[in-house]
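Here's the structure, in C-alpha cells; my notes come after.
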Amino acid sequence: MTDPKAQSQQLEFFEIPSPCVGVCESGPRGFCKGCYRSRDERLYWLKVDDATKRKIISACVRRKKAVAAKLRKAQGLKSEETAQQIPLFDKPPESG
C-alpha cells in the first residue's frame, strides 16, 4: 500500500513567487498595503519552506478580501447617506 501522506503532497517543479506587488507600505494593522503580508512574513519569505509560503499566500488572500469587504461596506453606507436625488420631471423644491 502507498502512504496516504505521501499521496497528499504535490510535487513542486517551480519556486513559489513572492506575492509582492511593489507597494511596500505598512497599513494601520502592520500588514503591507500591497501584498497583505506581515512584517515577519515579508522578512522571512526566502527562508521558509513551500508549505509555509502557501499558508502565507492564503492568509494574504483572506486579508485582502476582508479589507475589500470592509471598504465596500463603508462605501455602501456613505452612498446611502448621499443618495437623495431630485426627481427628473418634478420641479425641484424652492428655497426661501
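Atom CD1 of Ile56 sits about 9.5 Å away from atom OG of Ser18, to the nearest 0.5 Å. Here Trp45 contributes atom CH2 and Thr52 contributes atom OG1; the two are 9.5 Å apart, rounded to the nearest 0.5 Å. Atom CG in Leu43 sits 6.0 Å away from atom CZ in Arg39 (nearest 0.5 Å).
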Could you walk me through whether Arg62 and Ser58 satisfy the side-chain contact (heavy atoms from CB on, under 4.5 Å) test, starting with their C-alpha distance in whole Å, then the side-chain angles of each, then the deciding distance to 0.1 Å, before giving a yes or no? CA-CA 6 Å; Arg62 283 193 313 272; Ser58 108; 3.4 Å; yes
Kindly list each side-chain donor-acceptor pair under 3.5 angstrom involving residues 23-36, sequence neighbours excluded, with atom names and distances?
unit_1, atom_1, unit_2, atom_2, d
Glu25, OE2, Lys33, NZ, 3.2

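We find that Glu41 and Lys55 are not joined by a salt bridge, their nearest charged nitrogen and carboxylate oxygen being 4.0 Å or further apart.
Among residues at least two apart or in separate chains, there is no salt bridge (charged side-chain N to carboxylate O under 4.0 Å, His left out) pair with a member in residues 14-24.
In this structure, the side chain of Arg42 engages the main chain of Arg37 through a donor-acceptor pair within 3.5 Å.
Considering all non-hydrogen atoms of both residues, Ile16 and Asp50 come closest at CD1-O, 3.5 Å.
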